[in-house]
Amino acid sequence: MAWKSYQFDDFTAQALYNILKLRVEVFVVEQNCPYPELDGLDEVSTHIVYEEDGKVLAYARLVPAGKKYDAPSIGRVIVRKEARGRGLAKELLERSIRYIDEQWKEPEIQLQGQEYLKDFYGSFGFEAISEVYDEDGIPHIDMKRSATETAG
């Protein structure tokens, strides 16, 4: 059982394959949503990963400020289906926020979340900055959090 953060060049081919496979399994297959999963941001991002017995159970991608939004962002937030309900999503968000606050020291964090997770993200201090909109057939909302907010 281990939480780790990686830069793109830190990944072995197998580790990168495992993460990309999970992202496709959840975002494309499980959610029945064909979209361009590989968007050119992985190489500049920090990746937060939780593994048990060599299997990725939770993952998030942290994109630096100026690459996707003016503020750094948290995206590709995943907990493997069979690992849901264990509190991994909460810990994943806490670790992602803490990484950005401590390592990048940015005043805000932004995310583009699925609308049904608005209250979950709200519990970490994220507030809606857009109306709900359709993104690849799924209702989404843009949210932002000030670094002065408290997580959890």
Side-chain angles (χ1 to χ4, degrees), residues 1-106 108-118 120-121 124 126 128-145 151:
M1 297 187 279
W3 285 96
K4 295 181 182 172
S5 64
Y6 296 92
Q7 300 306 310
F8 188 79
D9 290 339
D10 296 336
F11 283 124
T12 64
Q14 186 64 55
L16 180 60
Y17 175 84
N18 292 343
I19 286 167
L20 295 176
K21 184 175 187 301
L22 176 61
R23 285 175 20 185
V24 169
E25 286 172 359
V26 173
F27 296 128
V28 178
V29 178
E30 181 182 325
Q31 296 180 357
N32 192 27
C33 181
Y35 77 105
E37 169 55 27
L38 301 178
D39 58 4
L41 293 172
D42 289 313
E43 296 91 336
V44 298
S45 298
T46 296
H47 306 265
I48 306 296
V49 182
Y50 177 74
E51 292 180 292
E52 283 182 5
D53 302 320
K55 192 175 210 179
V56 176
L57 298 186
Y59 168 85
R61 180 175 76 175
L62 313 181
V63 181
K67 299 299 182 182
K68 182 172 182 172
Y69 304 112
D70 289 339
S73 65
I74 301 172
R76 301 296 198 266
V77 176
I78 304 172
V79 174
R80 185 179 292 279
K81 194 172 196 173
E82 61 267 23
R84 294 177 190 158
R86 294 176 39 188
L88 292 175
K90 181 178 186 293
E91 188 167 354
L92 178 62
L93 257 290
E94 288 169 347
R95 287 175 177 273
S96 297
I97 291 166
R98 187 168 50 247
Y99 184 95
I100 292 171
D101 286 349
E102 293 175 1
Q103 299 298 316
W104 296 346
K105 300 183 187 330
E106 292 283 347
E108 296 179 317
I109 301 171
Q110 189 164 339
L111 61 79
Q112 176 189 40
Q114 292 183 19
E115 190 235 356
Y116 83 95
L117 293 169
K118 180 181 175 185
F120 172 73
Y121 292 124
F124 294 90
F126 286 90
I129 58 168
S130 77
E131 297 296 320
V132 176
Y133 58 91
D134 181 275
E135 178 82 14
D136 300 314
I138 297 173
H140 279 75
I141 190 163
D142 293 337
M143 302 183 80
K144 196 174 269 190
R145 176 188 182 278

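Numbering of residues begins at 1 and proceeds along the displayed sequence. Note that these values count all heavy atoms, side chains included, but never hydrogens, waters or copies made by symmetry.
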Novice: List the steps and the verdict of side chain to side chain contact (heavy atoms under 4.5 Å, CB included) for Arg86 and Leu57.
Specialist: CA-CA 11 Å; Arg86 294 176 39 188; Leu57 298 186; 3.6 Å; yes
Novice: Search all heavy atoms of Ala60 against all heavy atoms of Ser96 and return the closest pair with its distance.
Specialist: CB-OG, 3.7 Å
Novice: Show, in sequence, the C-alpha distance, side-chain angles and deciding distance for Tyr121 and Ile74, and conclude whether the side chain to side chain contact (heavy atoms under 4.5 Å, CB included) test is met.
Specialist: CA-CA 11 Å; Tyr121 292 124; Ile74 301 172; over 6 Å; no
Novice: Going by the angle between their ring planes, with limits at 30° and 60°, are Trp3 and Tyr50 parallel, tilted or perpendicular?
Specialist: tilted
Novice: Between Ala71 and Glu108, which heavy-atom pair has the shortest distance, and what is it?
Specialist: CB-O, 3.7 Å
Novice: Please step through salt bridge (charged side-chain N to carboxylate O under 4.0 Å, His left out) for the pair Asp70 and Lys144, ending with a clear verdict.
Specialist: CA-CA 11 Å; Asp70 289 339; Lys144 196 174 269 190; over 6 Å; no
Novice: Grab the two heavy atoms, one from Asn18 and one from Val56, that are nearest each other, plus how far apart they are.
Specialist: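 Residues Asn18 and Val56, closest heavy atoms: CB-CG2, 4.1 Å.
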Novice: Indicate yes or no: does Glu25 engage Arg80 in a salt bridge with an N to O separation below 4.0 Å.
Specialist: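 Judged by the 4.0 Å cut-off on N to carboxylate O distance, Glu25 and Arg80 do form a salt bridge.
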Novice: Compare all side-chain heavy atoms of Asp134 with those of His140 and state whether any distance is below 4.5 angstrom.
Specialist: no
Novice: What is the distance from atom CD of Gln110 to atom CZ of Phe126, rounded to the nearest 0.5 Å?
Specialist: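 Those atoms lie 9.5 Å apart.
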Novice: Taking atom CD1 of Ile100 and atom CG of Leu62, what is their separation to the nearest 0.5 Å?
Specialist: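 Going from the CD1 atom of Ile100 to the CG atom of Leu62 covers 4.5 Å.
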Novice: Counting neighbours of OH on Tyr133 that are heavy atoms of other residues, nucleotides or ligands and sit closer than 6.0 Å, is the number greater than 12?
Specialist: yes
Novice: If you apply the rule side chain to side chain contact (heavy atoms under 4.5 Å, CB included), what do you find for Thr46 with Gln7, and how did you get there?
Specialist: CA-CA 5 Å; Thr46 296; Gln7 300 306 310; 2.9 Å; yes
Novice: Do you know which two heavy atoms are closest between Ser130 and Asp142, and how far apart they sit?
Specialist: OG-N, 2.9 Å
Novice: Are any side-chain N or O atoms of Asp53 and backbone N or O atoms of Lys55, one a donor and one an acceptor, separated by less than 3.5 Å?
Specialist: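 Flag not set: sc Asp53 to bb Lys55 has no pair under 3.5 Å.
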Novice: For Glu106 and Asp101, work out which heavy atoms get closest and say how close.
Specialist: O-OD1, 4.4 Å
Novice: Counting heavy atoms not belonging to Glu43, are there more than 12 under 6.0 Å from its CD?
Specialist: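 Yes - once you tally the heavy atoms of other residues, nucleotides and ligands closer than 6.0 Å, there are more than 12.
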Novice: So which atom in Arg23 and which in Arg61 form the shortest heavy-atom distance, rounded to 0.1 Å?
Specialist: NH2-NH1, 3.9 Å
Novice: Closer than 4.0 angstrom, basic N to acidic O: yes or no for Arg95 and Glu91?
Specialist: yes
Novice: Side chain of Arg84, backbone of Ala89: donor and acceptor closer than 3.5 Å?
Specialist: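 Checking the backbone N and O of Ala89 against the side chain of Arg84, no donor-acceptor pair under 3.5 Å is found.
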Novice: Under 4.5 Å between any side-chain heavy atoms of Arg76 and Glu37, yes or no?
Specialist: yes
Novice: Output, in order, the C-alpha distance, side-chain angles, deciding distance and verdict of side chain to side chain contact (heavy atoms under 4.5 Å, CB included) for Leu111 and Tyr69.
Specialist: CA-CA 9 Å; Leu111 61 79; Tyr69 304 112; over 6 Å; no
Novice: With sequence neighbours excluded, tell me which residues meet side chain to side chain donor-acceptor pair (under 3.5 Å) with His47.
Specialist: Tyr59
Novice: Could you check whether any side-chain heavy atom of Asp136 comes within less than 4.5 Å of a side-chain heavy atom of Phe27, counting everything from C-beta outward?
Specialist: no
